[in-house]
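What you are looking at is a predicted structure, and each value in this text was computed from that prediction instead of being measured. Below, read A as the first sequence line, B as the second, and so on, with proteins coming before strands; counting in each chain starts at 1.
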Amino acid sequence: MNFTITTNERLTEMVWRMTLRGDTSTLTAPGQFVQVSLPGFFLRRPISVCDWDGEGLTLVYKVVGQGTAAMASLQPGEHLDLLTGLGNGFRVEACGERPLLIGGGVGLPPMLGLCRALLRAGKRPRLLAGFGKAAECFLLADFETLGVPVTVTTLDGSRGLRGVATDAMPLLDFDSLCACGPLPMLRAVWRQTGGRGQYSLEERMGCGFGACMGCSIQTRGGSRRVCKEGPVFDGMELMWE
Amino acid sequence: MTDLRVSLAGLELDNPVIPASGCFGYGKEFAAYYDINLLGSFSFKGTTLEKRFGNPTPRIAETPDGMLNSVGLQNPGVRHVIDVELPEMRAYFRKPVIANVSGFSIDEYVETCRLLDGQEQVGLIEVNISCPNVHGGGMAFGTDPASAAAVTRAVKAVAKKPVYIKLSPNVTDIAAIAKACEAAGADGISLINTLLGMRVDLRTRRPVLANRMGGLSGPAVLPVALRMVYQVWEAVKLPIMGMGGVTTARDVIEMMLCGATAVQVGAANLVNPYACREIIEQLPVEMEKLGIGSLSEIIGGAHA
């Protein structure tokens with residue numbers, strides 16, 4: 001699917017936001033992802049969709065290697081080939097009335113689309129975002145614009161509460177949760193809640209659409225492909241004991 | 001008019017384009033993108049007697065013009081394939097399919113082949129003696145002519161369908177292995193499987209793949225595959241399914257000139273789910289440009 005880049009801007013030292021115009025009709029749930037084809041790189045890059053509408057989508061991504069560095073150098077007007085609508089996202093209907101959205105670092109972006117979907121469904125979400133330090137924070141203003149309560153933790157205490165996201169969980173009122181972030185954070189949340197909630201997992205992928213078995217994980221129900229049955233899994237399916 | 005038809009040991013194909021095992025699952029993920037009945041056939045996911053989860057992740061790494069995988073033959077086991085996958089496949093694929101079989105002992109190869117040989121939808125059996133990602137079996141059979149012959153002989157004793165042996169490129173003399181398979185009764189040869197490789201993460205200073213090593217595929221391996229198909233064509237009289245790095249219709253023609261009767265497409269499917277459809281659409285265009293009327297006439301054409 002051909003997309004046209006409309007903006008590509010730096011949010012922090014390592015994190016960028018790209019908006020693209022193109023056919024978003026295959027996107028059905030927040031938390032789904034796209035596979036981005038980058039000139040000069042054989043494999044596509046799986047990037048979670050931050051938010052989308054009928055005209056296009058937003059990707060917020062971290063420069064972690066040569067592929068994402070190349071992505072950051074692309075200019076508005078250039079074209080990108082995307083496979084879209086990949087994977088199963090967060091289930092809005094499975095959330096309670098007061099869901100807590102937990103985003104760790106570059107796991108935060110899909111929480112924005114999820115937050116808007118929850119608000120449309122008449123629910124009252126709140127955000128808990130964990131970062132390393134104040135200079136690494138991004139996207140928080142977008143949540144504040146939506147009018148949802150935002151709690152921030154940083155490892156060094158330079159913004160919000162000092163510590164990791166799970167340290168703040170006992171302070172917050174919620175009846176359900178959705179989490180996306182680094183594996184140690186997801187596991188900590190999972191342990192703290194006895195496995196309740198929805199968790200978006202990350203794994204190195206080949207194809208992104210279920211063919212290569214490159215991203216398989218073991219779950220209670222048997223082996224699952226992070227790209228196809230996931231990336232969002234119900235906590236009760238995960239085996240993180 | 002261009003004629004794309006080829007014949008594989010009695011199995012007639014509308015065209016020589018066949019998605020390779022491990023890059024096409026059991027077909028349904030691709031059937032969601034296009035009508036896969038336009039393929040010559042496809043070789044389904046390498047199937048073993050018992051189900052296998054495979055290796056730990058990360059299983060995938062990028063390379064210049066290609067990729068490494070260390071999936072490790074994840075598959076649901078032959079009984080599940082027969083009870084669930086093949087019946088489901090009837091809804092989206094109506095041509096004879098290629099059953100790709102792996103194993104860890106000769107008995108296991110024999111039993112898995114016997115079970116799949118009895119399935120009406122299976123048109124041909126491709127015996128993988130070359131997977132680089134499993135320990136204590138798999139490739140060990142493919143790196144020694146006597147072992148390769150032993151597997152071939154045992155499988156041929158139970159299979160009524162044509163049997164192709166899929167060879168490993170990780171050997172010093174691939175022609176010797178192919179000859180041993182021919183002498184043991186193989187109906188054809190498939191090559192190449194992936195080349196053993198690795199990558200190291202500069203930050204962690206550890207191999208990227210959890211299994212440390214994996215199989216290299218993608219455009220980077222095309223010249224190696226062409227060379228080996230060329231060598232095997234000179235060594236045996238059997239039909240060859242050539243594969244390794246094929247991405248375009250021109251690559252298909254090049255592989256056939258080296259000696260392939262049919263051409264499998266692997267990693268290209270993973271980065272472009274429409275790859276095989278695009279190749280099949282483009283083949284008549286390239287044939288006209290090159291003055292080729294019938295594809296089957298160019299097989300082995302690069303040999304003096």
Side-chain angles (χ1 to χ4, degrees), chain A residues 1-2 14 26 28 34-46 62-71 80-88 183 201-231 239, chain B residues 19-20 22-33 42 44-46 51-76 80 133 201-203 208-210 214 216-220 245 247 266-275:
Chain A
M1 207 85 77
N2 187 42
M14 303 298 281
T26 55
T28 56
V34 296
Q35 277 274 56
V36 183
S37 178
L38 295 164
F41 296 88
F42 186 68
L43 294 174
R44 290 171 184 263
R45 264 52 182 180
K62 187 174 182 182
V63 173
V64 292
Q66 292 177 309
T68 38
M71 196 169 159
L80 275 181
D81 179 58
L82 266 58
L83 296 177
T84 78
L86 300 174
N88 289 304
L183 191 56
L201 273 53
E202 191 175 37
E203 192 53 77
R204 271 181 191 259
M205 290 178 187
C207 64
F209 52 91
C212 73
M213 314 307 278
C215 62
S216 298
I217 59 161
Q218 301 268 27
T219 70
R220 284 189 206 290
S223 77
R224 297 284 184 267
R225 297 164 291 187
V226 170
C227 74
K228 188 76 177 175
E229 284 81 34
M239 300 196 298
Chain B
C23 298
F24 213 72
Y26 294 92
K28 70 182 127 198
E29 289 79 16
F30 292 85
Y33 283 107
F42 76 90
F44 67 50
K45 176 79 183 134
K51 80 170 176 188
R52 285 177 56 82
F53 175 68
N55 291 321
T57 57
R59 297 176 171 181
I60 303 286
E62 191 170 54
T63 70
D65 247 343
M67 61 181 283
L68 294 172
N69 89 82
S70 60
V71 170
L73 288 173
Q74 179 175 354
N75 79 93
H80 180 90
N133 291 321
D201 184 317
L202 301 188
R203 274 181 287 230
V208 173
L209 298 173
L216 175 66
S217 61
T247 309
N269 293 294
L270 303 181
V271 293
N272 174 12
Y274 301 101

> Give, as side chain, backbone, both or neither, the part of S37(A) having an atom under 4.5 angstrom from any heavy atom of chain B.
neither
> Under 4.5 Å heavy-atom distance to chain A, tell me which part of K51(B) shows up: side chain, backbone, both or neither.
neither
> Which bit of Y33(B) is near chain A, if near means a heavy-atom gap under 4.5 Å: side chain, backbone, both or neither?
side chain
> How long is the straight-line distance from CZ of R225(A) back to CD of E29(B), given to the nearest 0.5 Å?
5.0 Å
> Chain A heavy atoms under 4.5 Å from P273(B): which part of the residue, side chain, backbone, both or neither?
both
> State the SG-CG distance between C212(A) and N69(B), to the nearest 0.5 angstrom.
7.5 Å
> Mind ranking A220(B), P58(B), G25(B) by heavy-atom pairs under 4.5 Å with chain A and telling me who comes out on top?
P58(B)
> Kindly say whether L43(A) contributes a backbone atom to a donor-acceptor pair with the side chain of E62(B) at under 3.5 angstrom?
yes
> Quick one: which of P56(B), G66(B), G218(B), A61(B) has the most heavy-atom pairs under 4.5 Å with chain A, could you say?
G66(B)
> Can you say whether N75(B) sits under 4.5 Å from chain A via the side chain, the backbone, both, or neither, judging by heavy atoms?
neither
> Could you tell me which non-hydrogen atom of F42(A) sits nearest to which non-hydrogen atom of A267(B), and how far apart they are?
CZ-CB, 3.8 Å
> Measuring from Q218(A):CD to T57(B):OG1, what's the distance to the nearest 0.5 Å?
10.0 Å
> Closest approach of C23(B) and A211(A), non-hydrogen atoms and distance?
O-CB, 4.3 Å
> Testing the basics here: between R204(A) and I60(B), what is the closest heavy-atom pair and its distance to 0.1 Å?
CD-O, 3.3 Å
> Answer with side chain, backbone, both or neither: which region of A32(B) has an atom nearer than 4.5 Å to a non-hydrogen atom of chain A?
neither
> Is it the backbone or the side chain of L83(A) that comes under 4.5 Å from a heavy atom of chain B, or both, or neither?
side chain
